[in-house]
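Reading through the structure tokens given below for one structure.
Everything numeric here is computed off the predicted structure, so don't read it as measured data. First the proteins, then the strands, lettered A, B, ... as listed; each starts at 1.
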Amino acid sequence: MAFRTRFAPSPTGYLHIGGARTALFSWLLARKTGGQFLLRIEDTDEDRNREDAVDAILDGLRWLGIDWDEGPEIGGPHAPYRQSERLAQYQAVAAKLLAEGKAYRCDCSVDRLAALRETAKAEGGRRGYDGHCRDRDLGPDAGSTVLRLRVPDSRDVLLDDLIKGAVRWDSAELDDFILVRPDGMPMYNFVVVCDDVAMEITHVLRGDEHLNNTPKQLLIYEAMGASQPHFGHMPLILDDQGRKMSKRFGDVAVGQYRDAGYPPEAMINYLARLGWAHGDAELFGVDELIQMFSIEGIGASAGKWDVQKLRWVSGHWLKSLPLDRVAAAMRPIFEARGYLLGERWVDAVRVLRERAHTYAEVADQAGVFFLADDQLPVDADAVATVLAPSRELVSRAAEAFAGVAAWTEAELEAAGNALCVAEGIKLGKLAQPLRVALVGQKVGPGLWQTLFILGRETSLRRMRRAWS
RNA sequence: GGUCCCAUCGUCUAGCGGCUAGGACAGUGCCCUCUCACGGCAUAAACAGGGGUUCGAUUCCCCUUGGGACUACCA
């Protein structure tokens with residue numbers, strides 16, 4: 001069966017990792033079943049409605065490689081895909097509900113409502129709104145009115161959730177909630193249902209925080225006489241405090257991870273594994289995910305965001321992706337740092353990615369190759385304790401390497417080993433001071449690789465100068 | 001407060017009545033080695049508690065406890 005799924009973010013200005021994950025799961029389901037994945041912008045709240053806020057979300061999805069079959073920018077058979085442009089449709093549904101007596105007008109003041117909520121809370125729960133206008137049958141000339149749904153007095157509202165299983169509510173717990181505001185702007189629960197019906201969505205995957213909205217929406221489907229889609233409420237992503245991930249925690253926008261140098265493949269892989277499992281497998285490429293993904297594999301309990309594991313996953317992809325892809329991703333990062341890329345910069349990427357976990361780490365370590373000598377951060381302590389006692393040796397090494405015919409790792413290694421034999425020392429005795437001379441640090445890639453990437457000229461210059 | 005959800009190593013999880021409770025990240029130790037990484041090997045680490053059901057519960061049911069979400073004329 002082909003699923004029609006959707007992701008319906010509100011324009012917050014960034015793609016939240018929780019949203020990214022529900023989008024990913026929904027997308028995976030659509031791709032797996034040969035169905036469609038749609039994107040819809042929930043922008044009925046005029047207060048926060050900016051075009052660039054939408055773009056940030058689209059950019060995040062695009063970066064992850066999540067494409068949509070219908071939605072902003074590409075349109076589709078159910079256009080428009082912005083709720084702010086679908087007002088007429090909601091009004092038509094509202095008018096029908098009103099005409100059929102499924103909904104009614106209410107002119108209670110916000111003050112009265114607030115007072116009602118207060119007492120309801122103080123007295124221990126139940127409805128906040130008392131149904132005051134329920135049977136007053138207010139007409140169109142009643143002034144400022146909201147439209148409320150007539151909720152059954154006390155009846156079971158059942159949900160068979162794809163992830164949570166059977167959930168039941170008593171409609172007595174629900175208010176005659178508001179469908180449309182006095183100014184004609186429809187409320188969230190109402191538009192969601194209208195759109196999911198209109199767009200023929202078959203499977204709704206969304207965050208757990210929406211579980212309590214579901215009975216209201218179920219009642220709206222009933223009032224509309226529309227058939228309901230399947231619902232799956234995904235467990236939340238928690239921060240290290242065990243709370244729902246929020247801006248307050250720090251890095252909740254996928255853009256922050258992109259900027260921090262995580263490859264999208266890593267983000268996809270980690271996001272997928274957080275809350276979903278396929279046996280013991282940990283590493284998944286997108287194609288594998290599409291093939292392996294299943295709703296049954298989604299867990300019911302919330303999970304904590306673990307940057308350590310993300311980093312490990314990222315390290316895997318950094319090493320596994322085609323070298324040219326990684327190099328292409330690295331280039332702008334190198335340039336942004338003002339690196340002077342020599343002819344062997346791709347070799348540097350090849351060597352460095354084996355020891356890094358993110359693009360940023362590669363860039364950090366690449367400085368020793370691409371920064372001018374006087375820009376290099378030199379470890380003074382290393383120079384004093386490791387290099388200084390062996391300056392003579394390093395300068396003899398410079399002459400030995402100067403005689404190498406072809407500046408290749410193999411030749412360099414041969415020359416280095418020959419020098420050790422001639423000096424009667426072990427490689428370690430030569431390598432450490434040499435490394436400090438070459439890169440100004442005690443740690444770094446293998447000596448032969450370092451020499452090769454640095455090139456003859458720079459290598460010899462740094463050995464001869466030896467930071468003195 | 002009310003409604004709802006959740007509960008296996010520190011973390012992500014496997015388990016779908018009978019297992020020495022498995023894997024991965026992180027931790028620790030060893031190996032590899034020109035350093036740091038990478039990698040390899042090893043090690044430590046969990047079924048929240050109490051009742052049931054059952055020949056037998058991590059697994060099914062109930063309660064307790066603990067966590068979380070929601071509780072707008074926001075989405």
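- Candidate nucleotides B:C73, B:C34, B:A75 were compared by shortest atom distance to the side chain of A:Ile178, and B:C73 ranks first.
- Looking at heavy-atom distances under 4.0 Å, A:Pro445 makes contact with a base.
- Looking at heavy-atom distances under 4.0 Å, A:Leu427 makes contact with a base.
- Closest approach to the A:Pro182 side chain among B:C73, B:C6, B:C4 is made by B:C73 (side chain taken as heavy atoms from C-beta onward).
- Among the protein residues, A:Lys304 comes within range of the sugar-phosphate backbone only, with heavy atoms under 4.0 Å from sugar or phosphate atoms but none that close to a base.
- As a whole-Å value, the separation of A:Leu238 CG from B:A7 P is 13 Å.
- Distance from the side chain of A:Lys319 is smallest to B:C38 among B:C73, B:C38, B:U35.
- Base pairing annotation: B:A42 forms a Watson-Crick or G-U wobble pair with B:U28, both donor-acceptor distances under 3.5 Å.
- Contacts of A:Leu274 with the nucleic acid, taken as non-hydrogen atoms under 4.0 Å apart, involve only primed sugar atoms and P, OP1 or OP2.
- Note: CH2 (A:Trp305) to C1' (B:C25) measures 14 Å, nearest angstrom.
- Of the candidate nucleotides B:A69, B:C12, B:C73, B:C73 has the atom lying nearest to any side-chain atom of A:Val146.
- Protein atom NZ of A:Lys121 is 9 Å distant from nucleotide atom C1' of B:G2, rounded to whole Å.
- For B:C9, there is no paired base (Watson-Crick or G-U wobble, both distances below 3.5 Å).
- Using bins of under 30°, 30° to 60° and over 60° for the plane-to-plane angle, the ring pair A:Trp345/A:Phe334 lands in the perpendicular bin.
- The two residues A:Ala363 and A:Ile333 come nearest to each other via the heavy atoms CB-CG2, 3.8 Å.
- Atom CZ in A:Arg40 sits roughly 13 Å away from atom P in B:A75 (whole-Å rounding).
- Counting to the nearest Å, the P atom of B:G22 and the CG atom of A:Asp280 are 11 Å from each other.
- Rounded to the nearest Å, the gap between the C1' atom of B:C12 and that of B:A7 is 15 Å.
- Among the protein residues, A:Asn213 comes within range of the nucleic acid bases, having at least one heavy atom under 4.0 Å from a base atom.
- Nucleic acid contact for A:Glu354: sugar-phosphate only, since backbone atoms but no base atoms lie under 4.0 Å from a heavy atom of the residue.
- Place A:Gln308 and A:Leu211 on RNA chain B by their nearest nucleotides, and A:Leu211 ends up nearer the 5' end.
- Comparing A:Gly279 and A:Glu282, the nucleotide of RNA chain B nearest to each residue sits closer to the 5' end for A:Gly279.
- Here the side chain of A:Asn212 is nearest to one of B:G68, B:A24, B:C4, namely B:C4.
- The side chain of A:Arg243 lies closest to B:A69 when the candidates are B:A26, B:C34, B:A69.
- OP1 or OP2 of B:A75 has at least one side-chain nitrogen or oxygen of A:Thr44 nearer than 4.0 Å.
- At the heavy-atom level, A:Cys108 lies under 4.0 Å from base atoms of the strands shown.
- In this structure, A:Gly207 reaches neither bases nor backbone, as no heavy-atom distance under 4.0 Å exists between it and the strands shown.
- Annotation: B:G15 and B:A46 have their C1' atoms spaced 13 Å apart (nearest Å).
- Between the P atom of B:C5 and the CD1 atom of A:Ile298 lies a distance of 18 Å, rounded to the nearest Å.
- Among the protein residues, A:His278 comes within range of no part of the nucleic acid, since none of its heavy atoms lies under 4.0 Å from any strand.
- The ring of A:Phe284 has its center no closer than 6.0 angstrom to the ring center of A:Trp317.
- Looking at heavy-atom distances under 4.0 Å, A:Arg168 makes contact with sugar-phosphate atoms alone, never a base.
- Residue contacts shown for A:Trp448 include a base, since a base heavy atom lies under 4.0 Å away.
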Practice task
Quick one: do A:Tyr257 and A:Asp251 satisfy side chain to side chain contact (heavy atoms under 4.5 Å, CB included)? Show the steps, please.
Solution key: CA-CA 7 Å; A:Tyr257 292 90; A:Asp251 298 340; 3.2 Å; yes
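- Rounded to whole angstrom, the span from the OH atom of A:Tyr188 across to the C1' atom of B:U71 amounts to 15 Å.
- Remark: A:Lys244 is in phosphate contact with B:C70, judged by side-chain N or O atoms under 4.0 Å from OP1 or OP2.
- A gap of 25 Å separates the C1' atoms of B:C16 and B:G68, to the nearest Å.
- Under the 6.0 Å cut-off for aromatic ring centres, A:Phe25 and A:Trp276 do not qualify, their centroids lying 6.0 Å or more apart.
- The side chain of A:Arg117 places an N or O atom within less than 4.0 Å of a non-bridging phosphate oxygen (OP1 or OP2) of B:A72.
- When heavy atoms are screened at a 4.0 angstrom cut-off, A:Val167 is found touching the sugar-phosphate backbone but no base atom.
- A cation-pi contact, defined as under 6.0 Å to the ring centre and within 45° of the axis, links A:Arg148 to A:Tyr129.
- Nucleotide B:U33 forms a pair with no other nucleotide shown, judged by Watson-Crick or G-U wobble geometry with both contacts under 3.5 Å.
- Comparing B:C4, B:A75, B:G68 against the side chain of A:His210 picks out B:A75 as the nearest.
- Here the separation of B:C30 from B:C70, taken at their P atoms, is 48 Å to the nearest Å.
- For B:U20, there is no paired nucleotide, since no Watson-Crick or G-U wobble pair has both relevant distances below 3.5 Å.
- The side chain of A:Lys164 lies closest to B:C5 when the candidates are B:C5, B:U35, B:A75.
- When all heavy atoms of A:Leu451 and A:Met463 are compared, the closest pair comes out as CD2-CE, 3.9 Å.
- Ring planes of A:His16 and A:Tyr14: tilted class, angle from 30 to 60°.
- Counting any heavy atom pair closer than 4.0 Å across all strands shown, A:Gly444 reaches a base atom.
- The side chain of A:Asp208 has B:C5 as its nearest neighbour among B:C34, B:C5, B:A69.
- A:Leu434 comes within 4.0 angstrom of no nucleic acid atom, judged by non-hydrogen atoms across all strands.
- Dashed line: the shortest gap from a side-chain N or O of A:Arg181 to OP1 or OP2 of B:A75 is under 4.0 Å.
- Remark: B:A69 base-pairs with B:U3; criterion is Watson-Crick or G-U wobble with both hydrogen-bond distances under 3.5 Å.
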Practice task
Any chance you could lay out the side chain to side chain contact (heavy atoms under 4.5 Å, CB included) test for A:Asp107 and A:Arg136, step after step, and finish with the verdict?
Solution key: CA-CA 10 Å; A:Asp107 66 355; A:Arg136 289 175 62 204; 2.9 Å; yes
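- Rounded to whole Å, the distance from CD on A:Glu296 to P on B:A14 is 13 Å.
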Just distance, no hydrogens or angles: give the donor-acceptor pairs under 3.5 Å from side chains in residues 204-211 of chain A, sequence neighbours left out.
residue  : atom : partner  : partner atom : Å
A:Arg206 : NH1  : A:Thr214 : OG1          : 3.2
A:Arg206 : NH1  : A:His233 : NE2          : 3.2
A:Arg206 : NH2  : A:Gln217 : OE1          : 3.2
A:Asp208 : OD1  : A:Lys164 : NZ           : 3.4
A:Asp208 : OD2  : A:Lys164 : NZ           : 2.9
A:His210 : ND1  : A:Tyr188 : OH           : 3.3
A:His210 : ND1  : A:Asn213 : ND2          : 3.2

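- When distances are taken from the side chain of A:Lys309 to each of B:A75, B:C12, B:C70, the shortest belongs to B:C12.
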